[in-house]
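What follows is a short report on a single structure.
Numbers restart at 1 for each chain; the letters A, B, ... are given by sequence-line order, proteins then strands. Note that the coordinates shown come from a computational prediction; the quantities given were computed from them, not determined experimentally.
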Protein chains: 2
Amino acid sequence: MAQPAAMPVGAAGVAVRQASLREHNLALVLRHIATAAAPPSRADLAGITGLTRATVSALVDDLITGRLLGEVVRTPRSGAGRPALGLTLAGHGPAGLGLEINVDYLAAVLVDLAGVVRHRAVRRIDLRPVPPAEALALVAELITEAGAEADRQDLVLAGTALAVPGLVSATGVVRLAPNLGWRDVDVPALLGGHPALRGRGLSVDNEANLAALGELHAAPPGPANFIYISGEVGIGAGIVLHGTLFRGARGWSGELGHVPVHPEGRPCRCGGLGCLEQYAGQEAMLAGAGLTDEPTPLAGLIEAAGRGEPAARRALVEAATALGVAIAGVINLLDVDTVVLGGVYAPLAGWLAPPVEAEIRRRVLTAAWSPVTVRPALLGGDAAAVGAAGSVVRTVLEQPAQWLARPVH
Amino acid sequence: MAQPAAMPVGAAGVAVRQASLREHNLALVLRHIATAAAPPSRADLAGITGLTRATVSALVDDLITGRLLGEVVRTPRSGAGRPALGLTLAGHGPAGLGLEINVDYLAAVLVDLAGVVRHRAVRRIDLRPVPPAEALALVAELITEAGAEADRQDLVLAGTALAVPGLVSATGVVRLAPNLGWRDVDVPALLGGHPALRGRGLSVDNEANLAALGELHAAPPGPANFIYISGEVGIGAGIVLHGTLFRGARGWSGELGHVPVHPEGRPCRCGGLGCLEQYAGQEAMLAGAGLTDEPTPLAGLIEAAGRGEPAARRALVEAATALGVAIAGVINLLDVDTVVLGGVYAPLAGWLAPPVEAEIRRRVLTAAWSPVTVRPALLGGDAAAVGAAGSVVRTVLEQPAQWLARPVH
DNA sequence: TCGATTTGTTTATCGGTTGAATTATTTGGC
DNA sequence: GCCAAATAATTCAACCGATAAACAAATCGA
């Protein structure tokens with residue numbers, strides 16, 4: 001279940017018939033409406049896509065009757081002629097439910113087709129001592145609540161995705177979530193039968209991957225190429241290449257935390273030596289700043305850095321330098337043009353970004369003529385939940401024909 | 001020109017009309033014939049693709065009249081019924097010309113649709129003291145020769161690709177080829193007008209990228225995910241994900257040689273510190289083994305390692321360990337399942353692979369349940385030239401409609 | 001109020017695929 | 001040696017989606 005929305009319509013290996021043609025063009029029209037700055041008219045779409053106005057009309061009619069689109073009057077009219085009706089994504093149609101389980105909180109968000117967050121719930125709770133089944137029972141409560149909220153707002157639940165800080169197999173089994181203490185937890189089996197899910201299944205994915213998707217949603221449309229770095233207790237990375245999430249050959253990509261930065265350096269929990277996590281992980285930063293005993297150590301670190309505390313500043317530079325070394329390796333290999341600092345790195349980006357950029361300049365061969373941007377994440381703490389919900393919405397937008405033809409319950 | 005054959009037919013963003021439908025299905029049928037173990041019949045193809053026999057027949061007819069396919073009788077017949085005619089890629093149709101400029105040789109190969117090398121030429125020459133224009137004049141001779149050979153064998157030149165050990169821009173300009181001493185050489189401008197190219201243009205690409213494509217061709221068909229490591233004077237990498245070459249956001253991917261392995265280690269020509277190239281590059285290996293003064297140092301290294309010379313063995317283990325550290329980082333990030341040792345690493349793979357594998361086992365989180373294979377390259381010295389020719393052939397196979405509709409000279 | 005203009009729909013046509021019927025070519029049984 | 005069964009490939013009417021051009025609808029400006 002960790003592979004939603006990968007193949008475009010008409011992808012290699014599949015025979016194409018007239019029906020596929022329709023599917024593709026439905027998706028094409030819908031995508032243009034979704035990414036347009038202002039609600040386009042049928043005529044606009046015909047101009048942009050190269051399809052005839054007649055064809056666009058037919059496609060739009062299907063999408064309107066399927067409750068994916070709505071019509072609006074465009075108030076400031078320009079020039080003569082019959083006024084155009086603007087087309088927008090329906091605010092009362094399908095919505096995606098995004099869930100997140102993390103070390104110290106649970107989150108649920110409902111996102112509609114337009115990407116608007118229609119419902120948001122967060123439970124702060126330390127989940128480390130909680131066994132998986134109990135944690136999932138708490139998630140089930142969030143699902144029930146979100147399902148009721150969807151009904152109240154006239155939204156139809158199109159699907160659900162769950163973000164977990166760990167390695168997730170293609171079938172949704174959490175193979176390993178070290179910081180939660182989970183191992184081989186079959187989440188879809190335990191939670192997929194929840195009545196509020198309407199039998200639409202539950203996809204489970206890595207937290208960094210889904211946060212990267214959230215970032216992709218939040219960023220202006222275009223062929224994005226970036227690496228989203230999720231600094232939590234561990235360090236994960238979501239890699240977006242050519243506007244799509246890259247999951248690796250077998251779904252295990254993005255383990256940035258265990259990229260070696262000092263091959264003979266500090267031993268890591270994973271059995272390796274000198275993994276990035278040991279130098280730039282949350283614990284390493286706090287230890288370096290001498291803040292391990294604080295009640296809210298992260299807030300303490302931000303405050304200390306703001307005060308100019310030398311130990312804090314030094315710890316951040318050290319962490320950022322290690323991060324920069326690893327990222328330089330990534331860029332030499334993948335040539336992404338943007339590095340997004342997420343998770344705990346986001347509020348620290350002001351101090352982390354300069355040393356990271358310095359390492360990139362030093363170590364990336366092509367940096368001289370292909371600049372790399374380092375910036376904090378656009379979304380906040382529940383980025384992964386928003387990204388999870390967005391991933392559901394994205395499948396609807398990318399495969400509208402499937403949604404229109406869905407079995408109605 | 002460094003981006004051939006990226007978009008599948010019906011890719012996102014393009015309106016689809018009936019003609020695109022045909023294009024897609026032509027490619028679909030052709031691909032199945034190309035990857036089949038034995039020549040399939042029209043009926044076989046109908047069964048595999050899901051298209052009707054009528055449709056397949058129509059498509060095949062187009063491909064046969066366009067000289068892309070041929071019919072053969074399948075000798076061992078099974079059971080009753082009208083015997084099926086096998087379909088194979090034409091051996092007299094389009095062919096790709098692959099060229100390679102490297103530090104100490106030039107190479108040219110002609111590859112037909114079936115992937116058979118129909119012509120091969122190599123000139124051993126030290127190109128370091130030769131200015132770019134003269135080197136390209138030598139290449140022009142190879143092109144003339146190959147063009148004549150194509151005519152003699154009733155092959156139609158479909159296109160030409162050139163492999164260069166350096167960074168190539170999207171327009172084919174060699175931005176930097178340190179070991180050749182080239183900088184900003186506009187190869188298509190200097191060579192693209194050659195009459196034997198038949199006005200079909202010349203694409204230029206990095207040597208490691210094209211060698212990886214060659215490896216992809218040589219390997220059994222399937223969704224390949226590997227990193228091809230090209231150890232020459234520098235260290236390049238061609239990354240194949242889901243069966244397609246990944247070139248990075250802007251075409252500068254694969255600079256494995258400058259991934260940091262010892263952040264505060266030896267200074268590198270690139271200005272960085274502790275780049276892989278300084279530990280696992282050809283020069284580092286030879287220096288470590290004390291063989292820099294030999295006339296044929298590489299052969300000397302292989303021989304010394306075979307003899308069990310301690311210095312040579314030690315140098316290889318050191319190089320392989322550094323390589324393994326960098327590769328472990330790559331796998332943690334990209335989760336490729338195979339590492340192909342190419343270039344000078346290929347003949348040394350017997351000694352290099354075990355330490356590389358050891359580092360992977362130590363440092364890759366998922367290695368325990370997702371094994372990684374390390375193996376020598378299947379192709380020999382002219383892998384990049386074969387891959388270059390193959391990349392041309394691949395564009396024809398992936399976009400047969402374009403080939404059929406080509407302007408005939 | 002009327003012409004100009006632009007939007008959106010209608011209608012005949014075209015192109016490509018489908019499915020059933022037809023033709024073609026072999027094997028195997030009698 | 002002939003005929004039925006079996007399998008391959010082609011033919012042809014029908015269908016479906018896109019197209020192009022004509023047409024209807026709605027507004028602006030003179």
Polar-atom pairs under 3.5 Å, protein N or O versus N or O of nucleotides 9-13 of chain D: list them with distances, or write none.
{"from": "D:dA9", "atom 1": "OP1", "to": "B:Leu85", "atom 2": "N", "distance (Å)": "2.8"}
{"from": "D:dA9", "atom 1": "OP2", "to": "B:Arg42", "atom 2": "N", "distance (Å)": "3.3"}
{"from": "D:dA9", "atom 1": "OP2", "to": "B:Ala43", "atom 2": "N", "distance (Å)": "3.2"}
{"from": "D:dA9", "atom 1": "N7", "to": "B:Arg53", "atom 2": "NE", "distance (Å)": "3.4"}
{"from": "D:dA9", "atom 1": "N6", "to": "B:Arg53", "atom 2": "NH2", "distance (Å)": "3.3"}
{"from": "D:dT10", "atom 1": "OP2", "to": "B:Arg42", "atom 2": "NE", "distance (Å)": "3.4"}
{"from": "D:dT10", "atom 1": "OP2", "to": "B:Ser57", "atom 2": "OG", "distance (Å)": "2.4"}

Review point. Is the phosphate of C:dT17, meaning OP1 or OP2, less than 4.0 Å from a side-chain N or O of B:Thr55?
Key: no

**Study point:** C:dT17 phosphate, OP1 or OP2, under 4.0 Å from B:Asn25 side-chain N/O
**Key:** yes

Salt bridge (charged side-chain N to carboxylate O under 4.0 Å, His left out) involving [X] - partner list, sequence neighbours excluded:
{"X": "B:Arg53", "answer": "none"}
{"X": "A:Arg22", "answer": "A:Asp62"}
{"X": "A:Arg74", "answer": "A:Asp44"}

Mind checking side chain to side chain donor-acceptor pair (under 3.5 Å) for [X] and listing every partner two or more places apart, or none if nothing turns up?
{"X": "B:Gln153", "answer": "B:Arg118, B:Glu149"}
{"X": "B:Asp151", "answer": "B:Arg198"}
{"X": "A:Glu71", "answer": "A:Arg42"}

Practice item. With sequence neighbours excluded, give me every salt bridge (Lys or Arg N to Asp or Glu O under 4.0 Å) pair touching residues 214-224 of chain A. Key: A:Glu215-A:Arg375

Rounded to whole Å, how long is the line connecting atom [atom1] of [X] with atom [atom2] of [N]?
{"X": "B:Leu26", "N": "C:dG15", "atom1": "CG", "atom2": "C1'", "value": "14 Å"}
{"X": "B:Leu45", "N": "D:dA8", "atom1": "CG", "atom2": "P", "value": "12 Å"}
{"X": "B:Arg74", "N": "D:dT7", "atom1": "CZ", "atom2": "P", "value": "13 Å"}
{"X": "B:Leu21", "N": "D:dG17", "atom1": "CG", "atom2": "P", "value": "11 Å"}
{"X": "B:Leu51", "N": "C:dT18", "atom1": "CG", "atom2": "P", "value": "5 Å"}
{"X": "B:Glu23", "N": "C:dG16", "atom1": "CD", "atom2": "P", "value": "10 Å"}
{"X": "A:Leu59", "N": "D:dC16", "atom1": "CG", "atom2": "P", "value": "16 Å"}

Exercise for review: Return the 5'-most residue of the pair A:Gly81, A:Arg22 with respect to DNA chain D, ranking by each residue's nearest nucleotide.
Suggested key: A:Arg22

Study note, to complete from the structure: Double-helix bend of the helix from C:dT1-D:dA30 to C:dC30-D:dG1, axes at both ends from 5 pairs, round to 10°, gives 10°

Review point. With respect to the side chain of A:Gln18, which nucleotide from D:dT19, C:dT18, C:dG16 is positioned closest?
Key: C:dG16

Review point. Where the side chain of A:Asp112 meets the backbone of A:Leu110, is there a donor-acceptor pair that is under 3.5 Å apart?
Key: no

Check your understanding: Would a distance-only check, ignoring hydrogens and angles, find a side-chain to backbone donor-acceptor pair under 3.5 Å from B:Arg67 to B:Pro94?
Key -> no

